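All values reported here derive from a predicted model rather than from experimental measurement. Every chain is numbered from 1 and lettered A, B, ... according to where its sequence line falls, protein lines coming before strand lines.
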Amino acid sequence: MATDTGQSNQQNTGIGEDRPLKRGPLSKWVSSSIQNPERAYRAMFYVATVFFLFTTLFPFYWLLVLALTPQNLLTNVGLVPNGFNPMSFVTVFERVPFHIYMFNSLVLGIMTTVIVLLLASLAGYVFGRLRFPGKAPMMLAILAISYFPPAAFLIPLFELFTGNVAVPLLGTSLVFGEQLYLNSPDLFNTPWAMVLPFSALFMPLSIFILTTFYGQIPDGLEDAARIEGTTRLGALFRVIIPLSAPGVATAGVLTFISVYNEFFFSFLMNNGEAQNWAPLVGGIIGLQGQFDTPYHLMAAASIIGVLPVAILVIVAQEKIVSGLTAGALKE
Amino acid sequence: MGDVKLEHVSKHYDDVTAVDDMNVQIRDGEFVCLVGPSGCGKSTTMEMVAGLTMPSEGTIHIAGHEVTNLPPKDRGIAMVFQNIALFPHMDVYDNISFGLRLRDYDKEEIDRRVEKASDVVQLEGMLDRMPDEMSGGQRQRVAIARAIVRNPEVFLMDEPLANLDAKLRVHMRTELQRLHKELDTTIIYVTHDQAEAMTMSDRIAVLDSGQLQQIDPPLTCYNEPANLFVAGFIGSPAMNFVEGEVTENGFRSENLDVEFDPARMGVNVGDQVTLGIRPEDVYPADDGRTLSHPTAEIETVSDVLEPMGDEIFIYLLLADDVETNLEETASNNQLLMSVDPDSDITEEQDVDVVLDRSKIHLFDTNSGQALQHGLVNPTTAESTTGTEAESDD
């Protein structure tokens, strides 16, 4: 027995135990990673996460640095603020009615969310629960809209909403002796100039999310509701939507955030005045005077503007994640 | 008045005909089972009565009103589903009262009715539970309470017991019969389980490939099946079938002959017929002496025994050459017999059997229609007189 173990030990020493001595820390780590690939994956995960967090969070940190730096020290800003001036967060509200801009943003977001959820629910019901010819191409066409760059719509919609588009009314020249025109409504400086394009642009994603959710509610439940006395619409609102609550919440939150973050239409469909329904963008840009550009105030305003959405995401994140994955992982 | 009338009702899908020219009249207070194999159109028929599916042709009347194009909510029906279909986001009270609340009943009236309905199905004290906190049987009782609370004209039940375990199913079966007696409402019940249909219903409607085969009381379907399909579907284990030909001396097949006078049985010499006999109407020759109308003895060899406890099923081979029979297990050569459990017959033993003539059925092999029930000469017949088959039913 003793000789046996001795021999095998010798053999091991001869082949295996010498080599680690020549290895540095990196090659050791490499060889152990080859033994356990999970280590390598975990390391990659940490690297990717740290990189992602850095690129996402650094701008926020930079905003905070800017916001806290007093105006006269705004040159050569480093990684640490050149002073400490929390009064910027108050000054923002003194220079412009920033709370009204925020209120406008909230109202625009909520209006759009309600419209989108209502219409996308009906569309989601049709796409998720009914069978009809041309369903797949129609769904694709709707999704294709969401891939269009919003800027492509800007000029035609601006013309339309400023009342510059006139449609000739056919036959009026025969009846009244002169050609009559129907002018597009003047929606500039009203919420509708923003809510309408927002609703159209953000609808496809909500339709898609709600379609997957409504499609998974068992037919029997809808049948039961209809037998019990609802119409198809009643069954949608009393049974299907309550059971798809995570999906509806996801669609709603995503729509709200998209509207809150939107720039083009928010900037161009009003004159930037708080009383003319300009959202946050108007407030931040409105801080800019004719002779100065108060970066510290704009940074402070940005941070204030981000807060409601940050809170919403933190509160709703579990629902959003479960909502987005529930569609993918059926049952 | 909860009578239901289907006239020339058909349902075509793109390339399939699910229901083909269905004509059924169901009387007020009747318990009718629609029974048939999967895909026979029984569920489609029920969905059309419920209004969940619109018929392609034909009309449906419920309680004297035409409802063919009415939505489900205006038909005066309630339905119990196979997958139970309770609303998972509502508690038991809300589930039961759902239909009442939609119809704007008073709060007191709703309370009173919910209480009464939950009494009937024995759900006292569970009204605040959520469906996922309940067992399968309790959920099914909630679904039934939800159906009865509105006092509908007609109950539709789509395999309501299919998802329950065997013991609970038998229990709920008697509960449903009790409920039917108590409420005295028309019930249309869909099932693929012929035992359920036999035990519960006033009449059975047997469906196959979208067509109504027979609608009659259970024992009529059992004793006088209208055609080969009904004969094979109703009864477990299934009826024995032997294909053969009518000769001057009676029925003749490869391995089994039964003598009778063709002229008196409404068949012609040369007809291709199928003889049907249920396992319990096949007797060992010794026991068969007590029969009033036994056939001649038939030589068989026992093959496989299936002891069930209260009876034994014995598979008998009709041909002399056992080897060939084992290879080709054609039913034509095989006869299933049910005997007392104390029988001493063993496997691979020569057994002589007789058939009870009064229980022999003759079917037209090609059309499947029943030609004759009972092969007792009409002159000497006592109980079963050979009548014309209800082939046009």
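Aromatic ring orientation, F265(A) versus F198(A): perpendicular (interplanar angle above 60°, classes split at 30° and 60°). Relative orientation of the F31(B) and H180(B) rings is perpendicular, given thresholds of 30° and 60° on the angle between their planes.
Heavy atoms of F81(B) lying under 4.5 Å from chain A belong exclusively to its side chain. Using a 4.5 Å cut-off between heavy atoms, I84(B) makes no contact with chain A at all. Both the backbone and the side chain of R238(A) come within contact range of chain B, with heavy atoms under 4.5 Å apart. Both the backbone and the side chain of A225(A) come within less than 4.5 Å of a heavy atom in chain B.
Although no hydrogens or angles enter the test, the distance criterion places no donor-acceptor pair under 3.5 Å between the side chain of D158(B) and the main chain of Q82(B). Counting only distance, with no hydrogens or angles, the side chain of D106(B) and the backbone of E109(B) share no donor-acceptor pair below 3.5 Å. Judged by distance alone, with hydrogens and angles left aside, the side-chain atoms of R75(B) form a donor-acceptor pair with the main-chain N or O of T68(B) at under 3.5 Å.
In summary, of the residues considered (T45(B), V19(B), L207(B), D20(B)), a side chain to side chain contact (heavy atoms under 4.5 Å, CB included) with L212(B) occurs for L207(B) alone.
Interface check for chain B: of the options P218(A), A224(A), G220(A), the most heavy-atom pairs under 4.5 Å are formed by A224(A). Top candidate by heavy-atom pairs under 4.5 Å with chain B, chosen from T231(A), I227(A), T230(A), is I227(A). Counting heavy-atom pairs under 4.5 Å between each of N83(B), L102(B), L156(B) and chain A puts L102(B) at the top.
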